[in-house]
Amino acid sequence: MAETLASPLAGKTVVITRAAAQSGKLLEQLTSRNARVKLLPLVSFAPPEDFAEMDAALTRLDSFDWIVFTSANAVQAVERRRLQIASDAASAPVAPRVAAVGPATAEEAEHAGFSVDYVAINHSGAGLAEELKHELAGRKVFLPRSDRANAELPAALRKRGAVVTELIAYRTLPPSEADRESVKESLKDGVDGILFFSPSAVHHFVELLGRERLEALQGRAVMVAIGPTTARALSAAGVQRIARAADTTAEAVVESLEGHLARTHKRSTAGKEHA
């Protein structure tokens, strides 16, 4: 780890577009580098409107060959409901093999008591399906996801012969307290970096801020995308200055932002020297 005083993040303002409850390690990493952190939760979560499909899958969990987790939220939703419908933890069906889309999701799954058999090298749904392709033919796969998840992963799994049970484990919503004023408040004193963890957060940010102000903002701040689908959402919104985190861990996210700011400072300094 770089020393605090030497960090390009020292004195910089960083906006995290998710709730504090999900950002503990990230806050620790940023504040240890003397960054100023602002929280702007742009996504909230709610249970599915109907638990019937979820309950049916969870009561026969041992009939699946794989569970594929694509987010920590999916892990939490499954474990919370699994314990609710079991008379006690010991009576819950034995879980099948577990695959996680990235290390943060795998860590959450392990914390929930799952034994993780595979963590994707390429932290995307398509990457996970490709890496597991020899394990999928004829296998029953349980895929609990958000209601806003795209169709890429289930299509990729089925293409490789998996029998997929896809269901809504949780809903992704704009938080009730997020409005244009909260966005303006977070950005009013200037910002150097904005961290996005999902396409939904990007979409809500654009809806609240507007594309014109977003274009102006990206001239001053770097947008950090966690995951390839988030990067594509930023690109589709017209953002050109995107730093892509190597993986989903807090360390990787901070290193991506730190590296980008260091390179920007170096180019700026070189430009002044040649002026």
Subject >> Stepwise side-chain contact (heavy atoms from CB on, under 4.5 Å) check, Leu157 with Leu136 >> reply: CA-CA 7 Å; Leu157 294 170; Leu136 295 175; 3.7 Å; yes

**OP:** Please test Gln22 against Phe45 for side-chain contact (heavy atoms from CB on, under 4.5 Å), starting from the C-alpha separation and ending with a verdict.
**Re:** CA-CA 12 Å; Gln22 296 178 294; Phe45 305 102; 3.7 Å; yes

**OP:** Please report the C-alpha distance between Arg80 and Gln84 in whole Å, then the side-chain angles of each, then the deciding distance to 0.1 Å, and finally whether the side-chain hydrogen bond (donor to acceptor under 3.5 Å, both in side chains) criterion is met.
**Re:** CA-CA 6 Å; Arg80 183 164 52 245; Gln84 286 173 350; over 6 Å; no

Subject >> Derivation and outcome, side-chain contact (heavy atoms from CB on, under 4.5 Å), residues Thr70 and Leu153 >> reply: CA-CA 9 Å; Thr70 57; Leu153 177 54; 3.3 Å; yes

**OP:** With salt bridge (charged side-chain N to carboxylate O under 4.0 Å, His left out) as the test, would you mind laying out the steps for Lys25 and Glu107 before giving the verdict?
**Re:** CA-CA 13 Å; Lys25 290 184 178 180; Glu107 182 179 350; 2.4 Å; yes

Subject >> Worked verdict on Leu128 versus Tyr118 for side-chain contact (heavy atoms from CB on, under 4.5 Å) >> reply: CA-CA 9 Å; Leu128 179 59; Tyr118 189 79; 3.8 Å; yes

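Using a 4.5 Å cut-off between side-chain heavy atoms of Ile, Leu, Val, Met, Phe, Trp and Tyr, with links allowed through other members, Val43 and Val206 fall into different hydrophobic clusters. By the criterion of side-chain heavy atoms lying less than 4.5 angstrom apart, applied directly or through intervening Ile, Leu, Val, Met, Phe, Trp or Tyr residues, Val119 is not grouped with Val68; the two fall into different hydrophobic clusters. If you chain together hydrophobic residues whose side chains sit under 4.5 Å apart, Phe69 and Leu143 never meet in one group. Both Leu217 and Val183 sit in one connected hydrophobic cluster of ILVMFWY residues. Membership requires side-chain heavy atoms under 4.5 Å apart, directly or through other members. A chain of hydrophobic side-chain contacts below 4.5 Å, direct or via other Ile, Leu, Val, Met, Phe, Trp or Tyr residues, connects Val75 to Leu167.
For the pair Val78/Ile67, no side-chain contact is recorded, criterion being any heavy-atom separation below 4.5 Å from C-beta on. Side-chain contact between Pro96 and Leu61 is present, with at least one heavy-atom pair separated by less than 4.5 Å. With a 4.5 Å cut-off on side-chain heavy atoms, Arg244 and Ile242 count as touching. The shortest side-chain heavy-atom distance between His203 and Arg148 falls under the 4.5 Å cut-off. Here the side chains of Arg232 and Pro199 are not in contact, with every heavy-atom distance at 4.5 Å or above. Within the 4.5 Å cutoff, the side chain of Val98 has no heavy atoms near those of the Ser115 side chain. For the pair Ser71/Asn73, a side-chain contact is recorded, criterion being any heavy-atom separation below 4.5 Å from C-beta on. Within the 4.5 Å cutoff, side-chain heavy atoms of Ile16 are placed close to those of Phe197.
The backbone N or O of Leu173 sits less than 3.5 Å from a side-chain atom of Ser44, completing a donor-acceptor pair. Judged purely by atom type and a 3.5 angstrom limit, His123 has no side-chain atom pairing as donor or acceptor with the backbone of Val101. Checking side-chain atoms of Ser235 against main-chain N and O of Ala231 turns up no donor-acceptor pair under 3.5 Å. Side-chain atoms of Asp192 come within 3.5 Å of backbone N or O of Thr13 as a donor-acceptor pair. Remark: the backbone N or O of Val253 is not paired with any side-chain donor or acceptor of Ser256 at under 3.5 angstrom. Checking side-chain atoms of Ser23 against main-chain N and O of Leu26 turns up no donor-acceptor pair under 3.5 Å. Side chain of Arg145 to main chain of Glu166: no donor-acceptor pair is present (N/O by atom type, distance under 3.5 Å, no hydrogens or angles). Between the side chain of Thr31 and the backbone N or O of Asn34 there is no donor-acceptor pair closer than 3.5 Å.
A donor-acceptor contact under 3.5 angstrom links the side chains of Ser146 and Thr172, judged on distance only.
For Arg241, the side-chain contact (heavy atoms from CB on, under 4.5 Å) partners two or more places apart in sequence, or in a different chain, are Gln218, Val222, His260, Thr264. Evaluation of the side-chain hydrogen bond (donor to acceptor under 3.5 Å, both in side chains) rule for Lys38 yields no partner, not counting sequence neighbours.
Under a 4.0 Å N-O distance rule, the pair Glu79/Arg82 qualifies as a salt bridge. Between Arg97 and Asp65, no side-chain nitrogen of the basic residue sits less than 4.0 Å from a carboxylate oxygen of the acidic one, so the salt-bridge criterion is not met. A salt bridge links Arg160 with Glu130: the distance from a Lys NZ or Arg NE/NH1/NH2 to an Asp or Glu carboxylate oxygen falls below 4.0 Å.
Within 6.0 Å of atom CD in Glu110, more than 12 heavy atoms from other residues, nucleotides or ligands are found, so the atom counts as buried in its surroundings. Heavy atoms from other residues, nucleotides or ligands lying under 6.0 Å from CD of Glu53 number 12 at most.
From Ile194, atom CD1 reaches atom CG of Leu209 across 8.0 Å, with rounding to the nearest 0.5 Å. Taking OG1 of Thr17 as the reference point, atom CG of Leu39 lies at 10.0 Å (rounded to 0.5 Å). Here CG of Leu257 is found 9.5 Å from CZ of Arg33. Values are rounded to the nearest 0.5 Å. One distance of note links CG of Asp189 with CZ of Arg36; it measures 8.5 Å at 0.5 Å rounding. For the atom pair Trp66 CH2 and Leu132 CG, the distance stands at 5.0 Å (nearest 0.5 Å). To the nearest 0.5 Å, atom OG1 of residue Thr165 and atom CZ of residue Arg60 are 5.0 Å apart.
A pairwise comparison of heavy atoms in Val15 and Ser186 identifies CG2-O, 4.3 Å as the closest pair. Taking each heavy atom of Val239 and Met223 in turn, the nearest pair found is CG1-CG, 3.6 Å. Closest of all the heavy-atom pairs between Pro103 and Thr249 is CG-CG2, 3.5 Å. Shortest non-hydrogen contact noted between Ala77 and Ala169 is CB-O, 3.5 Å. Considering every non-hydrogen atom in both Ile226 and Thr230, the closest pair reads O-OG1, 3.1 Å. Between Asn150 and Pro154 the shortest heavy-atom distance is O-CD, 4.1 Å.
A parallel orientation is assigned to the rings of Phe64 and Phe142, their planes being inclined by less than 30° (bins at 30° and 60°).
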